[in-house]
Amino acid sequence: MGAIERRTTCPYCGVGCGVIASVADNGSVAVRGDPDHPANLGRLCSKGSALADTLDLSSRLLQPEVGGKHVSWNHALDAVALGFQRVIDQHGPNAVAFYVSGQLLTEDYYVANKLMKGFIGSANIDTNSRLCMASAVAGHKRAFGSDTVPGCYEDFERAKLVVLVGSNTAWCHPVLYQRLLQAKKDHPDLSIVVIDPRRTATVEGADLHLPIRPGADAALFNGLLVYLSAHDEVNPQFVERHTDGLEDALEAAHASSPDIATVGERCGLAAADVARFYELFARTERVVTVFSQGVNQSSSGTDKVNSIVNCHLATGRIGRPGMGPFSVTGQPNAMGGREVGGLANQLAAHLELDYPGHRALVKDFWKAPTIASEPGLKAVDLFRAVEAGTIKALWIMATNPAVSVPDAGQVHRALARCEFVVVSDCVRHTDTAKYGHVLLPASAWGEKEGTVTNSERRISRQRAFMPPSGEVRPDWWIITEVARRMGFENAFAYQSAAEIFREHAALSGHANEGTRDFDLSGLAALSDAEYADLVPLQWPVTRERPHGTARLFGDGNFYTPDSRARFIPIAPREPAHATSCDYPLALNTGRVRDHWHTLTRTGLSARLSAHFVEPYIEVHPDDAAPLGLVDGSLARAESRWGTAAGRVRVTDSVRRGTLFAPMHWSDQFSSAGAIDRVVNPATDPVSGEPEFKHTPVRLVPMKAAWHGFLLSRRQLPQHNASYWACARGQGLWRYELAGNDLPKDWATAARAVLCAQDDKVEWIEYFDNAARRYRAARLTRGKLESCIFIGPSPQLPPRDWLVSLFGLESLDAATRAGILAGVPPKGQKEMGRQVCACFGVGEATICDAIRAGCGSVEALGARLKAGTNCGSCVPELKVLLAQQGQQQQIA
Ligand code: SF4
């Protein structure tokens with residue numbers, strides 16, 4: 001038999017790439033990009049390419065548990081239904097809540113929302129998508145009367161100017177970025193402007209970078225609106241026929257941003273750069289302005305979104321090929337969650353909780369006994385209510401709020417005191433799962449069936465290509481079984497995801513008559529076979545538009561009561577919490593290239609973990625020097641809300657006075673790397689989205705009596721270290737360590753950690769008591785089992801050569817001597833930190849090749865293959881080429 005192939009969708013970011021999974025006779029899985037999927041046309045980024053590495057069962061939750069004991073599904077589902085019913089009976093429906101996720105499929109989301117809003121009768125269901133794109137939703141609704149992304153990815157390729165605002169597209173939406181770079185290659189007159197306080201990898205492909213002062217985006221776009229008006233670039237026909245409110249918006253814009261000099265000052269930018277951006281925008285008809293978390297995650301995120309949309313409305317550049325404002329979502333199904341009402345302030349099918357007519361429509365359609373009549377609690381407020389005891393039963397689905405919600409220490413406190421916590425997830429050990437009274441094993445990617453919607457409104461199928469593991473069940477099944485046990489058998493009698501999808505599609509078309517653009521009525525009668533074969537297509541999908549709709553608003557008709565779009569007057573606001581003497585630096589958080597959320601999945605892949613093996617904090621050289629911090633030091637970021645620790649990276653890619661730290665590390669992978677413990681819980685008053693991009697902090701150097709690292713084939717239970725971080729390597733675990741207490745004797749301490757009692761074990765060791773250095777390796781039948789390196793400072797031998805030794809069957813004498821010397825013997829090389837995840841090419845290897853004459857990305861690709869598969873590392877190759885070029889010039 002040959003391999004079985006299934007077309008499915010990547011479960012990571014909002015690009016929503018199509019994936020072909022091939023399952024061989026022996027069960028092994030290989031993935032490749034789907035050339036027929038319109039989102040990626042065959043491309044995958046480093047994360048998507050490594051999907052097969054993450055199917056490992058070792059970390060999975062495979063059986064239901066109640067009180068830490070394995071139980072039957074019946075027992076667990078009864079416990080959940082009874083637990084929720086008891087709280088509702090005693091305290092009312094608003095005493096319970098669901099916290100759900102953009103990882104859920106649309107069908108899962110649909111039934112969760114239906115149960116909470118129509119049958120329990122509360123709107124206390126919110127999603128982790130609140131954390132990444134709620135401001136875009138609110139901004140769209142204020143301007144368009146609907147939550148609509150007007151364009152499609154093809155617009156990136158048809159534009160002449162693409163403005164990327166608060167979006168490290170190269171790392172966070174890599175395939176979209178690759179499409180953009182290819183478009184620039186094909187059409188060199190396409191300009192790219194990046195607006196970001198950091199010089200990110202995305203900047204490598206840009207014609208202009210505006211390193212804006214954090215939080216100043218609205219002042220910049222207000223200034224653009226003033227400039228467009230002053231230079232006669234407003235489209236009077238469009239404005240007259242299709243919009244309201246330009247004068248008020250202009251007046252507000254004048255107040256904050258009257259001229260380029262003022263804008264430059266407010267935004268911390270050179271006036272000439274501001275002028276260049278404004279001129280480019282003004283003279284280019286086909287402009288797409290892409291915005292993401294850097295805009296949304298702010299206490300004035302909704303205003304920032306509208307300041308961008310205002311400029312597109314003023315010029316009429318919306319809904320036509322190659323133009324429009326474009327929100328890209330962080331999660332694979334953030335859009336699906338918006339469609340079914342996964343946010344606490346929405347009903348299903350883009351209907352509004354605030355409108356009595358909409359509430360009646362949904363209640364009737366569902367034949368529900370009730371319907372929530374007021375918005376529920378948004379993410380941050382929801383966990384406050386849990387800590388306050390107002391919410392007494394909480395069901396968390398497919399997410400890890402103990403790591404990802406701001407002021408995460410508060411979430412820990414809330415979960416610890418909550419009467420009844422249910423966690424349904426595919427992972428057993430997360431920072432959140434440890435608080436679950438009931439754990440429900442959910443199907444993982446590759447095991448489940450349903451749909452997701454990407455950032456361009458494109459609905460794609462996720463398809464199962466593996467049998468379910470252990471006793472796992474799809475989320476929709478788990479939710480409907482609980483609903484049935486709560487007495488709602490008829491409304492939740494679904495037998496398949498297809499059945500739920502048909503109902504969801506029918507609701508979107510119910511009493512619609514063109515009043516709502518979210519309309520899937522053309523899919524409401526799909527047979528099971530048609531659902532199984534559904535090809536990716538963009539909503540709305542109706543009888544008139546059976547193949548979907550690429551763009552909306554090109555005709556100037558919007559979804560406000562009078563069909564006219566609204567300009568919103570914007571008065572830019574500073575971040576909620578200002579820096580101060582005690583907390584003088586502004587912390588910005590985000591993602592790294594090869595990791596996804598809280599490491600529960602990408603942390604399973606050795607090649608994805610090699611890019612960054614531990615949490616880090618980026619700091620400008622001028623801020624690092626007075627603190628005595630150098631590259632590789634350890635430091636703590638401290639705020640009013642909490643503390644996190646990481647390795648210092650000194651770099652001028654962050655602005656003076658700011659720090660950057662990635663959000664991925666949890667208590668499972670580090671002693672104190674969870675940066676969201678530090679992040680302030682301020683939210684946008686309209687969208688409820690938190691201000692992840694600006695928290696006042698101080699940076700405190702961490703002193704340690706010793707530093708070290710340890711590589712081991714086995715995962716080690718404890719490290720006797722006050723600082724630790726761990727990551728998977730190929731067939732091994734990597735630990736970075738530091739401690740305050742020196743052991744009496746390193747040899748005994750190391751043997752205790754590495755369990756060296758076994759007689760067959762061979763030890764090689766090196767001491768230098770004067771220099772406080774200790775190195776040891778443990779071998780079995782000549783094969784390296786583990787090694788440990790200790791020293792007085794973070795300057796320790798390079799690791800990657802040592803990691804490569806774990807792939808050898810035995811070590812020769814020169815290699816053993818090299819281990820103790822901390823340098824590769826002659827003929828072996830240190831490859832350096834991994835840059836290319838696809839081919840495992842390291843920084844040192846790349847720099848050697850550049851010094852040997854490879855002067856371009858193409859030449860590096862030809863010699864090393866680096867950058868020739870997914871292309872995610874190309875921006876870093878460009879940085880290394882530039883750095884080496886500079887060094888050669890200096891030399
Ligand atoms: Fe997945 Fe990468 Fe595509 Fe995002 S860009 S959907 S992470 S393959």
Side-chain angles (χ1 to χ4, degrees), residues 7-21 29-55 102-103 105 129 132-133 152-153 156-157 164 167-183 200-202 205 290 292-293 326-336 444-446 450-463 536 590-605 607-609 611 662-664 836-838 867 869-875:
R7 287 190 142 81
T8 183
T9 313
C10 174
Y12 295 129
C13 83
V15 179
C17 296
V19 172
I20 297 178
V29 176
V31 300
R32 66 182 194 277
D34 181 350
D36 298 327
H37 196 291
N40 56 317
L41 307 166
R43 295 176 175 91
L44 290 179
C45 74
S46 51
K47 292 186 283 286
S49 303
L51 271 166
D53 301 359
T54 65
L55 301 173
Q103 294 288 309
L105 305 184
S129 302
C132 78
M133 53 81 225
C152 56
Y153 295 160
F156 289 46
E157 289 146 350
L164 301 162
S167 168
N168 185 7
T169 326
W171 281 15
C172 301
H173 300 93
V175 164
L176 215 43
Y177 188 68
Q178 293 303 321
R179 283 183 67 164
L180 182 58
L181 290 191
Q182 186 60 48
T200 62
T202 303
V290 181
S292 187
Q293 276 82 339
F326 204 110
S327 148
V328 283
T329 60
Q331 296 213 69
N333 199 27
M335 289 282 268
W445 184 78
T451 54
V452 289
T453 308
N454 73 1
S455 299
E456 59 169 353
R457 292 175 281 107
R458 191 177 297 282
I459 297 169
S460 301
R461 282 294 320 272
Q462 262 198 26
R463 295 184 175 90
R591 295 181 183 167
V592 301
R593 189 191 74 192
D594 289 351
H595 276 313
W596 171 253
H597 279 196
T598 61
L599 302 183
T600 51
R601 279 190 290 181
T602 50
L604 300 173
S605 164
R607 59 176 154 152
L608 295 181
S609 300
H611 192 222
M663 51 81 71
H664 309 286
C836 171
C838 296
N869 184 37
C870 75
S872 300
C873 65
V874 167

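Note: hydrogens, waters and symmetry copies are ignored here, and every other heavy atom, side chains too, is used. All figures in this text were calculated on a predicted structure; none of them were measured in a lab. Counting starts at 1 for both ligands and their atoms, following the listed order.
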* Enter the distance from Thr54:OG1 to Leu608:CG here, rounded to the nearest 0.5 Å. => 8.0 Å
* Spatial distance of atom CH2 (Trp171) from atom SG (Cys45) [nearest 0.5 Å] -> 12.5 Å
* **Of the protein N/O/S atoms, how many lie under 2.8 Å from atom 3 (Fe) of ligand 1** => 1
* Side-chain donor or acceptor of Ser460 paired with backbone N/O of Pro536 under 3.5 Å -> no
* All side chain to side chain contact (heavy atoms under 4.5 Å, CB included) counterparts of Pro662, not counting sequence neighbours -> Val592, Tyr616, Phe660, His664, Trp665
* Asked: So which pairs with a foot in residues 8-18 pass side-chain hydrogen bond (donor to acceptor under 3.5 Å, both in side chains), sequence neighbours left out?
  -> none
* Partners passing salt bridge (Lys or Arg N to Asp or Glu O under 4.0 Å) against Asp34 (at least two apart in sequence or in another chain) -> Arg7
